[in-house]
Amino acid sequence: MSHDADLAQKNLIKETRGGYENEKIFRQLEKLVSRMESMQQATAELQKDIQAIKDHLGIG
């Protein structure tokens, strides 16, 4: 019986560790998505500025 208990405990430790690792990966992914969204917004603003300059200069 203690062998089964040892296996169950080891399995629980693996599951807990795996869940922790998944949570870390998920949090990192959320940070990366947030950074990507910020960069997309900044790029869109730059494109508007570039278009405004082109329009002012009469090019494009």
Nearest 0.5 angstrom please: [X] [atom1] to [Y] [atom2], how far?
{"X": "Gln41", "Y": "Glu37", "atom1": "CD", "atom2": "CD", "result": "9.5 Å"}
{"X": "Leu29", "Y": "Lys31", "atom1": "CG", "atom2": "NZ", "result": "11.5 Å"}
{"X": "Ser2", "Y": "Gln9", "atom1": "OG", "atom2": "CD", "result": "11.0 Å"}

Any residue meeting salt bridge (charged side-chain N to carboxylate O under 4.0 Å, His left out) with Glu45, in chain and number order, not counting sequence neighbours: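 Salt bridge (charged side-chain N to carboxylate O under 4.0 Å, His left out) list for Glu45, sorted by chain: empty.
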Partner set under salt bridge (charged side-chain N to carboxylate O under 4.0 Å, His left out) for Arg27, not counting sequence neighbours: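 With sequence neighbours excluded, Arg27 shows a salt bridge (charged side-chain N to carboxylate O under 4.0 Å, His left out) to Glu23, given in chain and number order.
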Can you list, pair by pair, the side-chain donor-acceptor contacts under 3.5 Å of residues 48-60, counting residues two or more places apart and other chains?
unit_1	atom_1	unit_2	atom_2	d
Gln51	NE2	Asp55	OD1	2.9

Neighbour count >12 (heavy atoms, 6.0 Å) for atom CD, Glu30: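 Yes.
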